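The structure follows.
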Amino acid sequence: MAPPPPSGANSAVARDIANVLHPYTDLQAHQQAGPVVISRGKGVRVWDENGKEYIESVAGLWCAALGFDNERLVQAAANQMRKLPFYHAFTAKSHEPMIDLAEMLIQRAPLPMSKVFFANSGSEANDSAIKMVWYLNNALGRPQKKKIIGRLKGYHGITIGSASLTGLPANHRSFDVPLPGFIHTMTPHFYHGALPGESEAEFATRCADELEKLILAEGPDTVAAMWAEPIMGAGGVILPPEGYFPKIKAVLKKYDVLLVADEVICGFWRTGNYWGTQTLNVEPDIITCAKALSSSFLPISAVMVNDRVFQALADESHKIGTFGHGFTYSGHPVPAAVAIETLKIYDEMKIGDHVRAVGPYMQAALQRRFADHELVGEVRGTGLIAAVELVADKAAHKNFDPSAKVGGRLARLCEEHGVIARTVMGDVLCFSPPLVISQQEIDEMLDRVGKALDELTVQLRREQIAVVR
Ligand SMILES: Cc1ncc(COP(=O)(O)O)c(C=O)c1O
């Protein structure tokens, strides 16, 4: 529902307009439209300041895995604040929450990993890993091997390095990124990218061939690493074609290029396995994670490195005298304590078994309800991550003209019907609900989304915005 007009200079809406610079918002339009002020949450639901209830279909920003209340996490934070509210990790200082969490992550890693570095956000984790890759190649005596490959439509964050890795125009335009040395290879999306008659396996081979061509064109001795989300999230929930990652890995291995898995969305059971790398058969040298690590109750992220990477970092730091990188809040004891409790809760409640039960239920329900809808081109996903992509022309896989702002309209209609929805890339409606969602809540969420989609269909017909069936 559209927020009510500011009812006075002291309303939350008016004070927001007066004082807040919002991320990912048309700042000028916001001066008139104002915010939706969310006041409280419970389970998969949040309520705005007027008492209107919404189901959060993307767990906030793909992150509130345990939903919007959890007393154990509250207690973990409070207990840690009483015991040791802050300590840092610089110059070999340490504390138990950071040590315990690092050990838990190493134990749960999908491949043998050696050490864990902590930061506060997905962007910081990726920026830290970029700097580690550069540092490593200096340590190995190949200072020219520094270029980093991202993928078009990949999302890795918004700090200068991670935004350079990101392959989305809105994160580059007018910000003067990507920095030199960041290059992008093709998006592995079969629905849009496949040639006529091409099989998924052939498409995956072509993606790997394109990567090899790019590395050869740049010069293999200048290319250091490639970054990949197991499933691209913000680019539109794009699952790679069958066999994609082993083919990509073979190319990277040939030219001694590291593979970094960005598990910021996919980690911690989102895809039905503990890690997206397990679902998609990725073999990374470095893993970054965040979001569900603490169920987003407090900010924390991590970079896990394998032994080869660690040994190079150790050698170089010994030569220089220090590993000159780290944040005041790297491994902060309070978010670390919350993350430890979060991982314990995932284990104890067997959240993976739950995702493996409700995930296929959600995927089947999305297919049954929306795949044949006249506005829908593709329904895709796995586990509890999915997308419904709207198209103007089903046969040609053609999206709506961006000027029609179809995705934004759908998100607003979803809100009117009680679902906070996220549309990306124009017309892709994403689903990434809290992992604790039940089948009944999935049905309720999709009933509401269905109503919004039907209403959008009526509006588009009325406005004669073309839909080719
Ligand atoms: C895959 C991925 N990597 C990195 C990030 C950046 O994380 P943050 O917003 O915590 O900096 C995101 C955020 O959505 C993400 O989806």
Side-chain angles (χ1 to χ4, degrees), residues 1-41 45-64 68 120-123 153 155-160 162-163 166 168-177 233-236 265 291 296 299 387 390 399-432 448-449 452-453 455-456 459-460 463 465:
M1 196 165 63
S7 57
N10 274 333
S11 71
V13 168
R15 289 184 295 117
D16 177 288
I17 290 172
N19 299 299
V20 181
L21 199 160
H22 279 266
Y24 280 93
T25 299
D26 175 339
L27 300 177
Q28 195 174 66
H30 185 74
Q31 292 294 301
Q32 276 74 49
V36 177
V37 180
I38 301 297
S39 297
R40 65 188 178 93
R45 294 165 208 269
V46 293
W47 283 261
D48 70 18
E49 59 168 353
N50 302 311
K52 182 173 167 53
E53 168 259 338
Y54 308 84
I55 295 177
E56 241 300 351
S57 68
V58 276
L61 290 172
W62 326 74
C63 55
F68 292 89
N120 309 288
S121 67
S123 301
K153 295 197 182 177
Y155 188 74
H156 302 288
I158 46 66
T159 44
I160 293 174
S162 65
T166 289
L168 297 173
N171 298 112
H172 291 167
R173 207 167 148 199
S174 298
F175 283 118
D176 292 9
V177 289
I265 286 181
K291 296 193 190 265
S296 295
L390 305 186
N399 294 107
F400 285 94
D401 191 302
S403 64
K405 299 200 164 134
V406 167
R409 290 172 62 170
L410 178 59
R412 270 192 303 282
L413 286 167
C414 284
E415 277 182 26
E416 281 177 23
H417 286 282
V419 169
I420 294 195
R422 188 159 188 80
T423 49
V424 299
M425 304 310 295
D427 306 338
V428 183
L429 178 65
C430 301
F431 293 89
S432 174
R448 296 179 186 189
V449 170
L453 191 58
E455 216 166 298
L456 178 70
Q459 287 182 9
L460 294 185
E463 294 162 31
I465 292 179

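Everything numeric here is computed off the predicted structure, so don't read it as measured data. Scope of the values below: all heavy atoms of this structure, side chains included, with no hydrogens, waters or symmetry mates.
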Closest heavy-atom pair, Val58 versus Cys430, reported as atoms and distance to 0.1 Å, is CG1-O, 3.6 Å
Identify the heavy atoms of Ala387 and Val428 that sit nearest to each other, and give their distance. CB-CG1, 3.6 Å
What's the separation between atom CZ in Phe68 and atom CD1 in Ile38, rounded to the nearest 0.5 Å? 9.0 Å
The residue among Val424, Leu390, Val449, Leu453 that forms side-chain contact (heavy atoms from CB on, under 4.5 Å) with Leu429 is Val449
For Arg409, which residues count as a side-chain hydrogen bond (donor to acceptor under 3.5 Å, both in side chains) partner, sequence neighbours excluded? Gln459, Glu463
Taking all non-hydrogen atoms of both residues, which atom of Ser123 and which atom of Ser162 are closest, and how far apart? CB-OG, 3.6 Å
To the nearest 0.5 angstrom, please state how far the CG atom of Leu410 sits from the CD atom of Glu415. 10.5 Å
Would you sort out whether Ile158 and Thr166 count as a side chain to side chain contact (heavy atoms under 4.5 Å, CB included), showing the intermediate values? CA-CA 8 Å; Ile158 46 66; Thr166 289; over 6 Å; no
Please assess Val46 against Ile420 for the test side chain to side chain contact (heavy atoms under 4.5 Å, CB included), listing each intermediate value before the final yes or no. CA-CA 9 Å; Val46 293; Ile420 294 195; 3.9 Å; yes
Determine, step by step, whether Val13 and Ile17 satisfy the side chain to side chain contact (heavy atoms under 4.5 Å, CB included) criterion, reporting the C-alpha distance in whole Å, the side-chain angles of both residues, the deciding distance to 0.1 Å, and the verdict. CA-CA 6 Å; Val13 168; Ile17 290 172; 4.0 Å; yes
How many angstroms lie between atom CD of Glu455 and atom CZ of Arg412, to the nearest 0.5 angstrom? 12.5 Å
To the nearest 0.5 Å, how far apart are CD in Glu416 and OH in Tyr54? 9.5 Å
To the closest 0.5 Å, what do you measure between NZ (Lys405) and CD1 (Ile465)? 12.0 Å
Verify, without hydrogens or angle tests, whether His22 (side chain) and Leu27 (backbone) share a donor-acceptor contact under 3.5 angstrom. no
Side-chain heavy-atom pair Val177, Ile160 within 4.5 angstrom cut-off: yes
Minimum heavy-atom separation for Phe400 to Val406, with atom names? CG-CG2, 3.7 Å
Check: Asn50 side chain, Lys52 main-chain N or O, donor-acceptor pair, under 3.5 Å: no
Please indicate whether Asp176 has more than 12 foreign heavy atoms, meaning atoms of other residues, nucleotides or ligands, lying under 6.0 Å from its CG. no
Heavy-atom pair of closest approach, residues Ala163 and His172: O-NE2, 2.9 Å
Short side-chain to backbone donor-acceptor contact, Ser11 and Ala9, under 3.5 Å: no
Spacing of OG1 belonging to Thr423 relative to CG belonging to Asp427, to within rounding of 0.5 Å: 8.0 Å
What's the shortest heavy-atom distance between Ile265 and Gly233, and which atoms? CD1-CA, 3.9 Å
Please determine whether side chain to side chain contact (heavy atoms under 4.5 Å, CB included) holds for the pair His30 and Val20, giving the CA-CA distance in whole Å, both sets of side-chain angles, and the decisive distance to 0.1 Å. CA-CA 10 Å; His30 185 74; Val20 181; 5.8 Å; no
Taking CD in Gln31 as the centre, count heavy atoms belonging to other residues, nucleotides or ligands within less than 6.0 Å. Is the count above 12? yes
Main-chain N/O of Gly418 paired with Arg448 side-chain donor or acceptor, under 3.5 Å: yes
